Amino acid sequence: MDPNKEEFLKEFGADYGYPNGPKTIDEIRATEFKRLNGRIFFFSITRNSILSKFHFLFLFFGLVYLDHAGATLYSELQMEAVFKDLATNVYGNPHSQSDSSYATCDIVREARQQVLDYFNASPKEYKCIFTSGATAALKLVGEAFPWSDQSCFMYTMENHNSVLGIREYALSQGSAAFAIDIEESLDHSRGNLMSVKVSQHQIQRRNEARFFEKEPTGGAYNLFAFPSECNFSGLRFSLDLVKIIKEDSDRILEGSPFCSGRWMVLIDAAKGCATQTLDLSKHPADFVVISFYKLFGYPTGLGALIARNDAAKLLKKTYFSGGTVAASIADTDFIKRRQEIEELFEDGTTSFLSIASIRHGFKMLNSLTMPSISRHTTSLTTYVRKMLLALKHENGASVCTLYRSDNVKVVCHGWGPIISFNLRRPDNSWFGYREVEKLASLSQIQLRVRNIEWERTLGFPQTGCFCNPGACAKYLGLSHSDLLSNIEAGHVCWDDYDVVNGKPAGAVRVSFGYMSTYEDAKMAYLLWMWLLKFIDFVRTSFVSLPNQIGRYHLRERPSSFLNEGPRKLLAGGVFLKSITIYPIKSCAGFSAASWPLSSTGLQYDREWLLKSLTGDILTQKKVPEMCLISTSIDLHQGILFVESPRCKERLQINFKSNTCNGSTGEDFHIHGQRYEGRSYNNEVNIWFSQAVGQPCCLLRCSMSNYYLNNSRCVGMRRDVQSRLNFVNEAQFLLISKESVSDLNDRISSNMKNSALGVAVQVNPMRFRPNLVISGGEPYAEDGWRTLKIGDNCFTSQGGCNRCQMINLVNEGGQMQKSNEPLATLASYRRVKGKILFGILLRYETADEVEQETNSWLQVGQEIHPNSF
């Protein structure tokens with residue numbers, strides 16, 4: 001056995017792995033989660049003196065899943081039981097009157113009881129209302145709660161956006177809303193007993209005049225919401241808050257106009273109840289919301305609202321539907337609603353097949369028992385937290401900053417199986433969580449990445465703010481001005497801004513589930529160890545140096561880094577080897593021996609794009625098949641030729657005549673650029689719809705203007721001075737043949753050393769360059785400030801940040817994906833979280849208005865660079 005695991009079991013063996021359960025954790029993984037199995041390969045860079053200090057985990061074939069707070073995994077035996085159930089039974093619509101319908105009613109009734117049993121809730125006191133998820137359950141409470149101008153909605157800062165959304169219902173009805181922080185403190189007046197202290201944030205109202213007309217009276221209904229477990233930090237709130245708020249609000253909220261009134265309590269248990277028991281017989285909350293995929297992975301799209309009977313009767317439902325009324329008359333204002341609480345609130349036909357499947361999930365959880373699951377996941381969380389805190393740089397600086405309120409006496413009932421943190425460099429600056437995500441994905445480790453109020457899911461840990469803006473701001477120390485400035489700067493959900501003004505805009509999150517193992521936890525730790533070694537390697541070998549205008553280039557590497565020793569400038573200088581034009585954004589381009597320049601770059605380069613009927617710009621990231629669409633241009637005829645293996649006829653578009661529709665241009669924005677595009681007739685759009693396999697239309701750029709918002713944010717656009725067609729960052733991308741050759745040497749060496757088989761050879765066209773050059777040293781282009789090709793002058797816009805797109809390759813008409821070349825580039829071409837390869841250029845022309853410049857580029861022209 002691994003000595004490290006032996007040490008782990010000495011400390012946590014009594015809690016880890018279900019030692020007294022029907023199966024051990026190893027048996028569970030071997031029989032119920034075979035899809036996670038894999039092999040680990042270790043890889044060492046063998047670059048001379050670097051070898052002794054740079055050994056790291058290179059590839060993990062399998063899947064390390066550590067995003068159980070986002071969605072836990074279903075058991076394969078659980079799914080087999082579900083399929084067998086559905087394959088051997090007939091379940092009909094429960095609103096019908098047949099034997100199959102009665103069978104469904106019985107299953108639904110049993111499922112409701114299972115849910116109540118899980119929370120130890122008596123059916124005499126509680127009802128289970130099925131919804132499409134926890135969010136739908138929260139929405140139901142918000143829209144049906146008896147709000148008034150005397151009411152208030154109070155909630156802890158640590159709440160999911162779906163809970164915060166209830167605020168809109170409260171404010172729209174004239175109620176007040178405010179967030180609170182809850183701490184424990186000593187109450188000297190009560191014999192030094194521990195007491196709850198509430199810190200109230202600003203009261204929000206949308207009608208101040210109505211508020212000041214009269215003070216709240218004791219007859220209004222108020223709602224307090226908190227999570228059983230914070231999905232950002234893992235903090236488990238004390239469930240005693242239910243009784244404290246309901247019974248002692250006068251003291252807790254002393255001095256607040258809302259200290260009196262009838263307080264009702266809502267618990268968001270979507271995350272917490274997966275690893276911790278919530279006993280409603282001891283903590284009688286009025287409303288509890290859950291999602292079943294958080295509990296046992298399947299089904300998705302199904303949740304429940306567990307409501308106290310007396311609280312449910314206060315909810316005022318407006319809409320009625322099939323299943324919720326006993327009778328209605330079409331041409332008269334008459335309805336008779338059903339009396340049973342479940343029937344009254346479950347609009348339409350319930351998702352009865354999904355409801356039938358939850359019993360198999362509960363059977364699995366009950367066999368392990370919730371206390372055992374809690375102890376098991378806690379042991380893994382404690383181990384990883386301890387190991388992360390021990391990580392140090394060579395200079396003694398801590399690598400990890402963990403977000404946990406150990407220094408605050410919060411009303412806490414322990415910590416759930418969540419660890420949120422960020423990584424620091426040796427100089428104490430922050431690693432961006434997107435950088436962590438990109439590196440993890442290259443090792444088949446699934447991450448969750450989130451920003452301050454947005455999220456994006458991959459799969460190992462998770463990163464960002466996990467839809468919990470209050471907790472995120474609280475733990476990251478982000479003020480209102482920080483948040484507002486980020487928003488005004490254009491930072492939105494799922495963008496790549498992970499460090500803003502020197503502060504992280506989100507975090508990395510690791511979360512464990514009942515099937516997580518020591519090996520999963522160890523892999524999380526090994527990833528950070530890999531990052532630590534990688535940081536030191538990059539710092540000592542490739543220092544990022546800012547130049548005078550704020551761009552970065554890579555320092556010339558020491559000669560010892562190269563196996564073959566120092567390279568000399570090739571005889572004959574540097575020449576333009578190829579020119580490639582991509583008329584339609586994300587479609588294949590064509591090469592030319594010479595090509596005219598315009599004020600937008602290469603003439604007609606990315607002058608067209610495809611747009612879906614929903615308004616999305618189609619790219620290879622969304623539609624990889626676009627690379628199969630080939631293009632060419634006949635300058636003399638003024639015709640764009642387009643071909644696709646899915647279309648029999650070759651399409652011809654005469655771009656010199658007016659073949660666009662006569663309608664006015666269509667305005668839209670891409671990366672901060674405002675465009676006006678001209679659309680084509682239906683025949684052209686039908687051709688492209690067939691080529692990409694979905695309805696779309698072709699647009700031609702007729703005008704573009706870069707705009708800046710009030711904060712002067714430039715987004716991802718590198719070139720904000722020139723007129724641009726439908727490019728991402730700049731007019732040109734230049735790639736060096738020598739740099740690609742060096743990259744291929746590294747890929748071959750890596751594959752050989754790791755015994756992983758035949759190396760991948762990367763063609764320069766994998767990077768979709770406009771210009772490929774030959775001659776000179778590899779990566780010499782990194783240091784170019786300006787260059788001259790023939791009589792044409794260009795300015796470098798800096799390195800091109802590469803993404804997973806370069807790992808896609810067209811082989812025989814099929815798109816294939818691997819880890820290369822991005823994995824190898826990540827090992828030596830990372831600068832401030834970006835993986836750079838190739839440089840972006842702007843064409844310097846005195847004519848910024850006219851399209852034509854009468855200047856041409858020609859293959860074979862000599863290139864004269866000026867370095868920084």
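Please read all numbers here as calculations on a predicted model, not as lab measurements. Hydrogens, waters and symmetry mates are skipped; everything else that's a heavy atom, side chains included, is used.
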Closest contact, heavy atoms only, [X] versus [Y]:
X: Gly513; Y: Thr72; result: CA-OG1, 4.4 Å
X: Lys246; Y: Met264; result: NZ-CA, 4.4 Å
X: Thr350; Y: Pro94; result: OG1-CG, 4.3 Å
X: Ala179; Y: Met157; result: CB-SD, 3.7 Å
X: Pro227; Y: Phe237; result: O-CD1, 3.2 Å
X: Ile203; Y: Ala176; result: CG2-CB, 3.9 Å

Donor-acceptor pair, [X] side chain versus [Y] backbone, under 3.5 Å?
X: Ser321; Y: Gly348; result: yes
X: Thr300; Y: Tyr293; result: no
X: Thr104; Y: Ser100; result: yes
X: Asn468; Y: Ala471; result: yes
X: Thr382; Y: Ser379; result: no
X: Ser291; Y: Ala134; result: yes
X: Ser357; Y: Ser354; result: yes
X: Asn159; Y: Thr156; result: yes
X: Lys294; Y: Gly70; result: yes
X: Ser511; Y: Ile418; result: no

Begin with the C-alpha distance, continue with both residues' side-chain angles, and end with the deciding distance and a verdict on side chain to side chain donor-acceptor pair (under 3.5 Å) for Thr275 and Arg236.
-> CA-CA 11 Å; Thr275 55; Arg236 283 175 174 159; 3.1 Å; yes

Interatomic spacing from [atom1] in [X] to [atom2] in [Y] - rounded to 0.5 Å:
X: Trp147; Y: Tyr221; atom1: CH2; atom2: OH; answer: 13.5 Å
X: Ser249; Y: Met154; atom1: OG; atom2: CE; answer: 8.0 Å
X: Leu365; Y: Leu295; atom1: CG; atom2: CG; answer: 6.0 Å
X: Ile25; Y: Ser372; atom1: CD1; atom2: OG; answer: 11.5 Å

Check: His376 ring centroid to Tyr514 ring centroid under 6.0 Å = no

Ring center gap for Tyr118 and Phe362 short of 6.0 angstrom |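 Yes - the distance between ring centres of Tyr118 and Phe362 falls below the 6.0 Å cut-off.
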
Let me see the working for Phe232 and Tyr403 under side-chain contact (heavy atoms from CB on, under 4.5 Å), right down to the final yes or no.
-> CA-CA 8 Å; Phe232 182 93; Tyr403 299 115; 3.9 Å; yes

One thing to verify: whether [Y] and [X] come together as a salt bridge, which I'm taking to mean a side-chain N less than 4.0 angstrom from a carboxylate O.
X: Lys243; Y: Asp248; value: no
X: Arg112; Y: Glu346; value: yes
X: Lys317; Y: Asp347; value: yes
X: Asp181; Y: Lys197; value: no

Taking the side chain as C-beta and beyond, is there a heavy-atom pair between [X] and [Y] under 4.5 Å?
X: Asn231; Y: Asp268; answer: no
X: Ile182; Y: Leu241; answer: yes
X: Val115; Y: Ile358; answer: yes
X: Ser228; Y: Gln276; answer: no

Does anything in residues 131-145 pair up under salt bridge (charged side-chain N to carboxylate O under 4.0 Å, His left out), and if so which pairs, sequence neighbours excluded?
->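 Residue pairs with at least one partner in residues 131-145: Lys139-Glu143.
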
By side chain to side chain donor-acceptor pair (under 3.5 Å) - contacts of Thr135 (at least two apart) = Ser162

Tell me the side-chain hydrogen bond (donor to acceptor under 3.5 Å, both in side chains) pairs involving residues 322-344, sequence neighbours left out?
->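 Listed by first then second residue: nothing to list.
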
Which pairs pass ring-ring contact (aromatic ring centres under 6.0 Å, His included) with one or both residues in residues 335-359, sequence neighbours excluded?
-> none

Check step by step if side chain to side chain donor-acceptor pair (under 3.5 Å) holds for Ser151 and Asn222.
-> CA-CA 5 Å; Ser151 302; Asn222 305 314; 4.6 Å; no

ring-ring contact (aromatic ring centres under 6.0 Å, His included) against Tyr298, all qualifying residues, sequence neighbours excluded = none

Does any donor atom in the side chain of [X] or [Y] lie under 3.5 Å from an acceptor atom in the other side chain?
X: Asp85; Y: His360; result: yes
X: Gln97; Y: Tyr102; result: yes
X: His95; Y: Ser101; result: no
X: Arg359; Y: Gln114; result: no
X: Tyr18; Y: Arg375; result: no

Please test Arg205 against Asp149 for salt bridge (charged side-chain N to carboxylate O under 4.0 Å, His left out), starting from the C-alpha separation and ending with a verdict.
-> CA-CA 10 Å; Arg205 268 192 185 271; Asp149 57 4; over 6 Å; no

CA sep, side-chain torsions, deciding dist, call: Ser98, Ser96, side chain to side chain donor-acceptor pair (under 3.5 Å) | CA-CA 6 Å; Ser98 64; Ser96 300; 5.6 Å; no

In a table with atom names and distances, give each donor-acceptor pair under 3.5 Å that connects a side chain of residues 304-315 to protein atoms at least two apart or in another chain.
{"from": "Arg308", "atom 1": "NE", "to": "Asp310", "atom 2": "OD1", "distance (Å)": "3.4"}
{"from": "Asn309", "atom 1": "OD1", "to": "Lys127", "atom 2": "NZ", "distance (Å)": "3.4"}
{"from": "Asn309", "atom 1": "ND2", "to": "Lys124", "atom 2": "O", "distance (Å)": "2.7"}

Start with the C-alpha distance between Thr277 and Asp279, add both sets of side-chain angles, then the distance that settles side chain to side chain donor-acceptor pair (under 3.5 Å), and finish with yes or no.
-> CA-CA 6 Å; Thr277 300; Asp279 189 339; over 6 Å; no

Test side-chain contact (heavy atoms from CB on, under 4.5 Å) on Glu158 and Lys474 and set out the steps.
-> CA-CA 8 Å; Glu158 297 91 341; Lys474 183 176 180 178; 2.7 Å; yes

Mutual orientation of the aromatic rings belonging to Tyr65 and His68 [parallel < 30°, tilted 30-60°, perpendicular > 60°] =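 It falls in the perpendicular class, over 60°.
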
Assess whether side-chain contact (heavy atoms from CB on, under 4.5 Å) is satisfied between Glu80 and Leu77, documenting all intermediate values.
-> CA-CA 5 Å; Glu80 289 174 8; Leu77 293 184; 3.5 Å; yes

Kindly determine whether Glu168 and Arg206 satisfy side-chain contact (heavy atoms from CB on, under 4.5 Å), including the steps that lead there.
-> CA-CA 10 Å; Glu168 294 299 300; Arg206 290 190 179 157; 2.9 Å; yes

